[in-house]
Amino acid sequence: MTYLVIAWRRIRMRSPDLAVYGLRNMQPFCGWPMLTRISNNGSVPSISFTSSSIPKSSFRGTDLHSLNKKISHLIRTGRLCEAKTVFDNAEHRNTVTWNSMISGYVQRRELAKARKLFDELCERDIVSWNLMISGYISCRGSRYIEEGRNLFDNMPERDCVSWNTMISGYARIGRMDEALVLFNSMPERSVVSWNAMITGFLHNGIVEHAIEFFERMPERDAASLSALLSGLIQNGELDKASKVLTEHGNKDEAREDLVHAYNTLIAGYGQRGRVEEARHLFDQIPFCPDGGKEGNGRFERNVVSWNSMITCYVKARDIASARELFDLMTERDTFSWNIMISGYVHCSNVEEASKLFSKMPNPDTLSWNTMISGSMEIGSLKLANDFFERMPQKNLVSWNSMIAGYEKNEDYKGAVKFFTQMLLEGEKPDRHTLSSVLSVCTGLVDLHLGMQIHQLVSKTVLPDVPINNSLITMYSRCGEINQARTIFDEMKLKNDVISWNAMIGGYASHGFSEQALELFKLMKRLKVRPTYITFISVLNVCAHAGLVEEGRKQFKSMCSEYGIEPQVEHFAALVDVVCRHGQLEEAMDLINRMPCEPDTAVWGALLGACRVHHNVELAQVAAEALMRLEPESSAPYVLLYNLYVDMGQWDSATKLRTMMEKNKIIKQPGYSWVDSSCF
DNA sequence: GTAGGGTTAG
């Protein structure tokens with residue numbers, strides 16, 4: 001696997017930018033074709049270089065308007081490198097040409113490149129300055145905002161956009177005091193300044209100020225009401241949002257945007273599962289089958305209204321109602337199709353999803369990705385592969401879905417294959433990729449690969465809770481329990497039960513009973529609520545450590561204190577606990593009273609204990625049950641035979657051996673609860 | 001043809 005990481009490093013060294021954007025944009029780059037050839041197994045789209053097809057002299061003299069139009073079109077369609085080539089080859093440029101290029105880099109967050117152009121540009125206008133400031137603002141760090149502020153303070157003249165950009169910059173990183181100072185000192189405010197303050201307050205949870213500003217603002221535009229409503233909803237103030245809509249929704253000034261506001265609220269109700277109220281709002285919007293085109297200024301349902309309502313039904317798992325609306329729509333967009341397809345993929349009706357997908361006019365990458373994850377959910381790797389191969393444009397989510405799908409379906413080698421291919425094709429893994437690959441390492445019990453991925457994690461992403469959980473699980477499964485504990489101890493946020501389950505489970509499987517129980521106590525003290533998984537580990541620890549009373553106590557506490565319904569795994573552990581204390585009758589009684597069907601672990605625990613405590617009668621019951629559950633397994637025969645031998649019951653032993661031969665049972669080593677040494 | 005604030009999905 002070392003070559004995998006080396007490949008990744010090489011890609012990053014050759015072109016850190018292209019490693020991010022990959023083949024999607026097919027930019028010309030000298031190092032790229034070689035890498036593509038390495039990985040070209042037929043699934044990689046062919047590369048077409050457009051740089052050579054652009055005549056160098058195509059933009060001369062007064063044709064600046066066409067040049068600028070061309071560049072902005074290339075940037076809008078994601079072809080930044082092509083735009084740069086056109087820019088470099090142009091004989092004449094004006095400030096708009098430069099600004100467009102700066103804008104392209106700002107949109108991609110490639111600040112160093114944007115700044116280089118900005119510094120090279122002699123005839124800067126106010127837009128150049130505003131663009132560069134917005135570049136720093138969009139990076140949301142305090143270091144960047146200071147640089148943005150520096151430009152703002154030093155620019156020769158400012159317009160309203162400059163002020164608004166700075167205000168929203170402060171608002172986004174929670175520095176509302178500074179936003180307010182700017183707002184109060186700006187010479188002239190626009191409706192955007194007010195809207196920026198309102199969203200700023202709402203992003204920072206200051207609901208009352210947002211409402212106050214909304215009511216105080218001298219004029220409102222299309223965005224004002226929607227900004228307030230969506231912000232209120234994000235703050236969990238759904239009823240307040242509803243009240244605002246009732247109060248302001250009928251005012252003429254907001255009328256043109258009323259659909260927008262209604263749509264926001266419909267989505268808000270949907271998020272909270274309040275489908276009926278959402279439908280009530282939806283029904284209040286006039287429906288004109290011939291109209292509904294956005295921008296006609298009338299208050300009537302548009303495609304987003306339909307999509308939002310369908311989304312509510314999909315979230316509430318009411319696919320029939322969702323489909324009913326979908327079929328009624330006169331004009332659908334990609335979103336409508338995708339949400340309906342994902343609705344079917346989720347109830348797990350991939351067949352119906354496929355039917356819709358095949359009827360869809362222009363499936364986009366998200367549609368293909370939905371079909372991939374749907375196929376994975378029903379365990380069909382072949383179908384997922386088929387979609388993956390056929391899709392015209394793959395993105396990071398496509399790769400992640402394949403890797404996660406292979407991992408979930410326990411085809412770990414397949415997952416590694418896709419991960420390797422992904423790196424070779426220049427797609428940069430994100431935290432989702434790395435988390436899946438760590439689970440792959442756990443599945444393969446491959447510490448070496450796991451450590452390499454850990455290194456990749458350290459270099460590429462800030463480890464979040466799920467990544468740390470995956471690391472803990474990986475290290476503990478690979479036997480490095482101390483390394484797992486180090487990661488656990490270094491986690492600042494310890495409120496996720498999965499982290500605790502991973503660590504306690506790790507201790508449990510390594511037989512560190514004391515540490516497991518200590519951590520379990522600490523977890524409860526920190527008010528992290530244990531789950532049924534926690535109790536499986538805890539009960540197993542009690543069984544292995546022979547802590548009979550503790551085991552009984554924990555089982556009881558799980559049911560009464562935490563209201564967790566015991567599963568067969570808990571009963572298996574409890575039976576084991578009781579058996580280790582030699583109370584076989586009690587164990588048998590427990591098995592008879594179990595609400596679920598006892599499995600091999602339950603009977604295995606009993607049978608193992610029967611041999612230790614020489615209870616032939618119960619051993620026969622347990623062995624028979626095991627033979628029924630797993631007719632091919634030699635384990636119950638072996639154990640029962642050994643017990644007969646221990647007890648000197650030679651006749652029974654011989655009979656059993658004959659039966660075993662008759663049933664063509666072949667002894668297989670490797671059952672942890674079987675001691676076949678004297679067989 | 002370039003800059004600032006607002007709805008729906010994984």
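All values below come from the heavy atoms of this structure, side chains included, with hydrogens, waters and symmetry mates left out. Chain naming here is simple, since letters A, B, ... match the order of the sequence lines and numbering starts at 1 in each.
- Within 4.0 Å of A/Asn94, counting heavy atoms only, lies at least one base atom of the nucleic acid.
- The distance from atom CZ of A/Phe326 to atom P of B/dT8 is 20 Å, rounded to the nearest whole Å.
- Using a 4.0 Å cut-off between charged side-chain N and carboxylate O, A/Asp283 and A/Arg279 make a salt bridge.
- Comparing B/dG10, B/dT2, B/dA3 by their closest approach to the side chain of A/Val397 singles out B/dG10.
- Geometric assessment of A/Arg332 against the ring of A/Trp306 yields a negative cation-pi assignment under the 6.0 Å and 45° thresholds.
- Under the 4.0 Å criterion applied to side-chain N and carboxylate O atoms, A/Glu208 and A/Lys240 are assigned as salt-bridge partners.
- Contact annotation for A/Thr165: backbone-only contact, meaning every heavy-atom pair under 4.0 Å involves sugar-phosphate atoms and none involves a base.
- Taking atom CD1 of residue A/Ile75 and atom C1' of nucleotide B/dT2, one finds them 9 Å apart after rounding to whole Å.
- With centres under 5.5 Å and a plane angle under 30° as the test, the ring of A/Trp98 is not stacked against the base of B/dT2.
- Comment: A/Asp119 engages A/Arg115 in a salt bridge, judged by a side-chain N to carboxylate O separation of less than 4.0 angstrom.
- Atoms CD1 (A/Ile137) and P (B/dA3) sit 16 Å apart, rounded to a whole Å.
- Considering only the side chain of A/Val161, B/dG4 comes nearest among B/dA9, B/dG4, B/dT2.
- Atom CH2 in A/Trp306 sits roughly 18 Å away from atom P in B/dA9 (whole-Å rounding).
- At B/dG5, one or more side-chain N or O atoms of A/Arg172 fall inside 4.0 Å of OP1 or OP2 (strictly under the cut-off).
- At B/dA9, none of the side-chain N or O atoms of A/Thr311 fall inside 4.0 Å of OP1 or OP2 (strictly under the cut-off).
- Base engagement by A/Leu366 is indicated by at least one non-hydrogen atom pair under 4.0 Å involving a base atom.
- Using a 4.0 Å cut-off, some side-chain N or O of A/Lys315 falls inside it from OP1 or OP2 of B/dA9.
- Of the candidate nucleotides B/dT8, B/dT2, B/dG6, B/dG6 has the atom lying nearest to any side-chain atom of A/His203.
- Residue contacts for A/Arg189: at a heavy-atom cut-off of 4.0 Å it reaches no nucleic acid atom on any strand shown.
- The side chain of A/Ser230 has B/dT7 as its nearest neighbour among B/dG10, B/dT7, B/dG5.
- Atom OH in A/Tyr136 sits about 16 Å away from atom P in B/dG4, given to the nearest Å.
- Candidate nucleotides B/dG10, B/dG5, B/dT2 were compared by shortest atom distance to the side chain of A/Asn369, and B/dG10 ranks first.
- Checking B/dG10, B/dA9, B/dG5 against every side-chain atom of A/Asp221, the shortest atom distance belongs to B/dG5.
- Comparing B/dT2, B/dG10, B/dG4 by their nearest atom to the side chain of A/Asn164 picks out B/dG4.
- Other residues, nucleotides and ligands contribute at most 12 non-hydrogen atoms within 6.0 Å of the CG atom of A/Leu462.
- Atom pair A/Leu74:CG and B/dT2:P shows a separation of 13 Å (rounding to whole Å applied).
- If you check every strand for non-hydrogen atoms under 4.0 Å, A/Thr199 touches sugar and phosphate atoms only.
- Here B/dG6 presents its P atom at 14 Å from CG of A/Asn235, a figure rounded to the nearest Å.
- Ring centroid separation for the pair A/Phe213 and A/Phe183 comes in under the 6.0 Å cut-off.
- When heavy atoms are screened at a 4.0 angstrom cut-off, A/Ala223 is found touching base atoms of the nucleic acid.
- The side chain of A/Gln234 sits closest to B/dT7 out of B/dA3, B/dT7, B/dA9.
- Taking atom CG of A/Asn307 as the reference point, atom P of B/dA9 lies 10 Å away to the nearest angstrom.
- Classification of the A/Phe418-A/Tyr406 ring pair by plane angle, with boundaries at 30° and 60°, yields tilted.
- Residue A/Ser190 is in base contact, counting any heavy-atom pair closer than 4.0 Å across all strands shown.
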